Amino acid sequence: MKEIRNINILAIESSCDETAAAVVNNGREVLSNVISSQIELHKLYGGVVPEIASRKHIEKINQVIEEALEEADMTLDDIDAIGVTYGPGLVGALLVGVAEAKAIAYAKKLPLVGVHHIEGHISANYIEHPSLEPPFLCLVVSGGHTHLVCVKEYGEYEILGRTRDDAAGEAYDKVARAIGLGYPGGPKIDRLAKEGNPDAVKFPRAHIEGAPYDFSFSGLKSAVLNYINGCQMKGQTYNPADIAASFQKAVVDVLVENSMNAAAEFDMNKFAIAGGVASNSALREGMKEACQERGIEFYYPSPIYCTDNAAMIGTAAYYEYLAGTRHGWDLNAVPNLKLGER
Ligand code: KG4
Ligand code: ZN
């Protein structure tokens, strides 16, 4: 693919509970990455409240964009294109970013490039790994998604497997709530699990007949909840750290096993992880070890590029821009946007 020099993209991300803007140069150099998190607000309710998220995005978005430009030492005159997440996600939250991106693109007569949120997560791996190029396999694990994806080319994806029910991050959040850790549960379980025994309780690992790369976490989540209820009914105490460690081991085991089976079947020697759960220490360790054993190059983003951010959207938007993707003034939020659709 011909590289066009010095393209600065202003990227906007507002699909869930982070209002984020970034300036990315030539797809791989992050000049600024500003994230305004709403976690403290949603914590009060134990999860993301969509209407509150939209309202907060509209309050914060101009400020976040201004900070991103300042940090990059740029004005809108230095920007060559606007990239924005237009799906999947919460519709009201997405609309804020999309309307903002369209307004700036319209006022400054700039090209508008809509980006798929998962394409953004996958592209986060390009930021710190300059040599990473497709083809590779990527496991996307976040609060809303669990996808095993073959990245055939920039912007060209084949979904090999996905969750049939809960996303991995969702299971973390629900189990964390059950053991009284609060929202978001992923990082808290990660921390608590370090003090527990991963073999203390044998929780189930789901395998789906005829779909070797699909996942299912709702049975595991129920098994954890049943275990806790059982202990409470019998008046027995349980060790939350052991539950966290045993639950985490069950999640990581299936994620690693399905990933390595896919790498073998598709004869792929590059494997990346992405999304909020990709910052999980047990998953990183498990994947690193499994990849090492098989001679597979393993890639993962720094935690700041794992959870929602706009730098990853800027990177994805750059490759879409090079491929000629341009969206019109009719660009809309698409809450259930499919990966690979334009
Ligand atoms: O990618 P992300 O910010 O948002 C979505 O697109 O969903 O992912 C958020 C999810 C939450 O479920 C959170 O609990 C989980 O990522 N998460 C983690 C860790 N850090 C964040 N899960 C496990 N271990 C972590 N260290
Ligand atoms: Zn995300």
Side-chain angles (χ1 to χ4, degrees), residues 11-20 22 33 35-39 42-43 46-48 50 53 57 84-90 93-94 97 115-125 138-147 149 162-163 166-179 181-194 196 198 217 220-221 224 244-245 247-252 254-256 272-287 300-313 315-316 335-337 339:
I12 299 170
E13 155 64 42
S14 71
S15 65
C16 191
D17 60 346
E18 333 277 350
T19 320
N33 185 32
I35 304 167
S36 168
S37 173
Q38 305 176 2
I39 282 180
H42 297 288
K43 245 184 198 169
V48 178
H57 285 312
V84 64
T85 308
Y86 72 108
L90 302 169
L94 288 163
V115 170
H116 191 288
H117 184 73
I118 293 186
E119 177 169 25
H121 274 303
I122 294 170
S123 304
N125 280 287
C138 186
L139 174 72
V140 186
V141 270
S142 73
H145 313 277
T146 305
H147 282 27
V149 181
R162 66 179 82 218
T163 182
D166 292 349
E170 197 178 346
Y172 265 94
D173 293 336
K174 286 177 178 167
V175 166
R177 193 178 315 161
I179 51 181
L181 295 178
Y183 175 85
K188 291 179 173 148
I189 290 201
D190 194 351
R191 234 170 287 134
L192 184 62
K194 291 187 176 33
F217 295 108
L220 168 61
K221 174 199 66 192
V224 176
F247 159 76
Q248 179 161 278
K249 178 129 195 286
V251 173
V252 170
V254 281
L255 290 176
V256 173
I273 55 173
V277 184
S279 57
N280 182 267
S281 57
L283 178 62
R284 284 168 180 255
E285 274 313 305
M287 289 293 299
Y300 53 95
S302 293
I304 192 70
Y305 298 127
C306 285
T307 42
D308 288 350
N309 66 88
M312 67 184 196
I313 303 303
T315 297
N336 56 358
L337 185 66
L339 188 63

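The analysis underlying the following values was restricted to heavy atoms, covering all of them including side chains, and did not include hydrogens, waters or symmetry mates. None of the values given here were measured: they were computed from a predicted structure. Both ligands and their constituent atoms are indexed starting at 1 by order of listing.
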Task: Distance (rounded to the nearest 0.5 Å) between N33 CG and M312 CE - done: 9.5 Å
- [ ] Evaluate the side chain to side chain contact (heavy atoms under 4.5 Å, CB included) criterion for residues I12 and I313: first the C-alpha distance (whole Å), next the side-chain angles of each, then the deciding distance (0.1 Å), finally the verdict.
- [x] CA-CA 7 Å; I12 299 170; I313 303 303; over 6 Å; no
Open item on the list: So, at under 2.8 Å, which protein N, O or S atoms would a careful student list around the Zn ion (ligand 2)?
Closed with: H117 NE2, H121 NE2, D308 OD1
Open item on the list: For the residue pair E13 / S15, report whether a side-chain donor-acceptor contact shorter than 3.5 Å exists.
Closed with: yes
Task: Donor-acceptor contact below 3.5 Å, side chain S279 vs main chain P303 - done: no
TODO: Take the angle between the ring planes of H145 and H117 and call it parallel below 30°, perpendicular above 60°, tilted in between.
DONE: tilted
Open item on the list: Taking side-chain contact (heavy atoms from CB on, under 4.5 Å) as the criterion, tell me which of I273, T146, N280 meets it with L255.
Closed with: T146
TODO: Apply side chain to side chain contact (heavy atoms under 4.5 Å, CB included) to Y183 and D17, showing your working.
DONE: CA-CA 12 Å; Y183 175 85; D17 60 346; 3.4 Å; yes
Provide, line by line, the atom pairs where ligand 1 and the protein bring an N/O atom each to a distance under 3.5 Å; else say none.
from, atom 1, to, atom 2, distance (Å)
ligand 1, 1 (O), H121, NE2, 3.2
ligand 1, 1 (O), G276, N, 3.0
ligand 1, 1 (O), D308, OD1, 3.2
ligand 1, 3 (O), D308, N, 3.0
ligand 1, 3 (O), D308, OD1, 3.4
ligand 1, 4 (O), D308, OD1, 3.3
ligand 1, 4 (O), D308, OD2, 3.4
ligand 1, 6 (O), H117, NE2, 3.2
ligand 1, 6 (O), D308, OD1, 3.3
ligand 1, 7 (O), S142, OG, 3.4
ligand 1, 7 (O), G143, N, 2.8
ligand 1, 7 (O), G144, N, 3.1
ligand 1, 8 (O), G143, N, 3.4
ligand 1, 12 (O), G169, O, 3.2
ligand 1, 12 (O), D173, OD2, 2.7
ligand 1, 14 (O), D173, OD1, 2.7
ligand 1, 14 (O), G186, N, 3.0
ligand 1, 20 (N), G276, O, 3.4
ligand 1, 20 (N), S279, OG, 3.4
ligand 1, 24 (N), G186, O, 3.4
ligand 1, 24 (N), N280, ND2, 2.9
ligand 1, 26 (N), D190, OD2, 2.9

Task: Backbone N/O of A274 and side chain of H121: donor-acceptor pair under 3.5 Å - done: no
- [ ] Please test D190 against Q248 for side chain to side chain contact (heavy atoms under 4.5 Å, CB included), starting from the C-alpha separation and ending with a verdict.
- [x] CA-CA 8 Å; D190 194 351; Q248 179 161 278; 4.2 Å; yes
